[in-house]
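Just so it is clear, the structure is predicted and the values come from calculations on it, not from any experiment. Order of the sequence lines fixes the chain letters, A, B, ..., with proteins taken first and strands second; residue numbering starts at 1 for each chain. Scope of the values below: all heavy atoms of this structure, side chains included, with no hydrogens, waters or symmetry mates.
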2 protein chains.
Amino acid sequence: MHTFRGSRPTLEAVASHAGVSRATVSRVVNGGPGVREEVREKVRHSVEELGYVPNNAARTLVTRRTGAVAVVIAEPESRVFADPFFAQQLRGISRELSDHDTQLLLMMLERQKDYARIGRYLSAGHVDGALMFSLHGDDPLPAMALQTGLPAVFGGRPGWPGAEDDPDLLYVDTDNRGGARQAVAHLQERGRRTVAVINGPLDQTSALDRLHGYCDALGIGAHEADPSLVAQGDFTAEGGERAMARLLDVSPGLDAVFAGNDLMASGALRTLRARGRRVPDDVAVVGYDDLEPAAWAEPPLTTVRQDVEGMGGMMAELLLRRIGLAEESVDAAPPRPVVTPATLVVRDSS
Amino acid sequence: MHTFRGSRPTLEAVASHAGVSRATVSRVVNGGPGVREEVREKVRHSVEELGYVPNNAARTLVTRRTGAVAVVIAEPESRVFADPFFAQQLRGISRELSDHDTQLLLMMLERQKDYARIGRYLSAGHVDGALMFSLHGDDPLPAMALQTGLPAVFGGRPGWPGAEDDPDLLYVDTDNRGGARQAVAHLQERGRRTVAVINGPLDQTSALDRLHGYCDALGIGAHEADPSLVAQGDFTAEGGERAMARLLDVSPGLDAVFAGNDLMASGALRTLRARGRRVPDDVAVVGYDDLEPAAWAEPPLTTVRQDVEGMGGMMAELLLRRIGLAEESVDAAPPRPVVTPATLVVRDSS
């Protein structure tokens, strides 16, 4: 703590300590070119030694950068903290940003009216860019981001009208449709004949794409699924519990269920246990995500793995490239959306 | 989404829609006085109808406020998301801030060098104040906050030298020492004779105060605890598991253990089960916090309850008062530190 005590060290103090000019210190601190590596090293050493904190208002005037990136998750804290998906993705984002000396600011939404406030903050020049998550179809944030001209990258394929025709839109997604298709094909290969599905919120493309993958495997069109085998969940364990109960009520003969994420699958396991159905003997269960709840479940869950932490890192990387903060050769191709593969992980529940 | 489409509505458009002057709209939007409630209502209605987003750069110039408060947790994401304590406290903070139309920005620390970056962001005028958490003894953030003059409130009693003599320092804490004393006294009342303790990191005042409470109940001085009954944990379940194993190795005859939080207590339960000790028959266990892991534990944990969400709300309230954003009468007493009570909750583990 001692380095921050007492009066605040100035740029001049750093220059004098390092034996270089004020302009050189300023250039090194602001990441400007034209300073030899050994001089840079000397300045950095003096900055650390004196505990110098650059005057960022001035720094921002020069670089027009704040050194911070917002991560906006359009869900309340209680939901964000209950789903290990977000923690994993944030870990990937945070590491990548920290590697580029950029601060992550996490913003969540407690109430509907918080949208306008977040929009104001993003428009006011407090951040260099934004990563946006868990966007429901009618979410106003993408339009806000476009309007402010703030560089943005989305988590998951954006679902709003016109999104697919926007060549500048950047996002990182996983092959949700292919992953779901693999999961249901696996159940069929194990001889299951009546495979039900528990969906996440269908105003999110991840949930919709997984439902389409289920239909693909059954060889039916997107709207031809048997309604008595389709139940709506909300990506929570409690939602999965309730959905499984409804499915058993209307289709007591089902012998398998594909849940849109591991949390809903673990809720389904609870209901099956409570109703005396053995897993996988009576009913096979497959989840999606391969996060901690899958391995902890009893029995451990067959699931579809996506590299959630890696996807977070890719989002941050795309954003840093768009902002112009990532190192890259001048002739590098412009940043493009990324869709990562999905892999079936077979455990004891199927 | 439609409200944010197309060209951005101006202050003039809102004024014309509401049938009032530009100055009146500006006053209502910036929370200025002297506008009748029915006029305010009319302006608010037009703001919503048109989807007006105030130009915050200008707004900040007028009010000198950004509308945002930083919550800085000096721990990496993986730790913050694994401990329900933070989720609960953030919920309380977020609700209170949202009630005052203030945005929460969560900042966590991935690496040691992130401190300097966070210090820069806080000094650069991007936030109106800061709430700071989980501060280890040598944490540079408090000094940074003091230096920037940023209004700040701390979560937990600050432990740095001189903190207790600073009349301006604001924090919200719980009676950790009294809570621990109750926990250990309860074990003694149940006839336990050899009570061990698993500590959290002793550079945090919460962990230190709980150790002192343990000593109080045993009627010994702070440095007189039997070393073979004291094990060091780190507030994680894995740390509790390892600490319990060490305690059983050196003191196989112990008949009770007090753990500094519920996560460590649940880890201790795992070790006891693995070693074939029955809880509470052979070894009684008491935790601290009364968060979800306590109720889910097998057997459910006796623990010390603190109102974590309420404490979050109080922190936000103190900060809003210090910033001058909370409604209060002119003759209200200045904001002061708060210490909330701790209550023993007896369940099956003791």
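No donor-acceptor contact under 3.5 angstrom links the side chains of S78(B) and R91(A), judged on distance only.
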| Do Q103(A) and L122(B) pass the side chain to side chain contact (heavy atoms under 4.5 Å, CB included) test, and can you show the C-alpha distance, the side-chain angles, and the key distance before you say yes or no? | CA-CA 11 Å; Q103(A) 181 59 42; L122(B) 296 180; over 6 Å; no
| said: Let's go through V127(B) and H126(A) carefully: what are the C-alpha distance in whole Å and the side-chain angles of both, what is the deciding distance for side chain to side chain contact (heavy atoms under 4.5 Å, CB included) to 0.1 Å, and is it a yes or a no? | reply: CA-CA 9 Å; V127(B) 297; H126(A) 297 303; over 6 Å; no
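By the neighbour-count criterion of 12 heavy atoms within 6.0 Å, atom CD of E164(B) is densely surrounded, having more than that number from other residues, nucleotides or ligands.
Most heavy-atom pairs under 4.5 Å with chain A: of the set E77(B), R111(B), M107(B), this distinction falls to R111(B). Ranked by non-hydrogen atom pairs under 4.5 Å with chain B, the options V80(A), T102(A), L104(A) are led by T102(A).
Inter-residue side-chain proximity for M108(B) and L106(A) is flagged as met; some heavy-atom pair is nearer than 4.5 Å.
Under a 3.5 Å cut-off, the side chain of K113(B) and the backbone N or O of D101(A) do not form any donor-acceptor pair.
Atom OG of S94(A) and atom CG of D114(B) lie 6.5 Å apart (nearest 0.5 Å). Annotation: the span from Y121(B) atom OH to T66(A) atom OG1 amounts to 5.0 Å, rounded to 0.5 Å.
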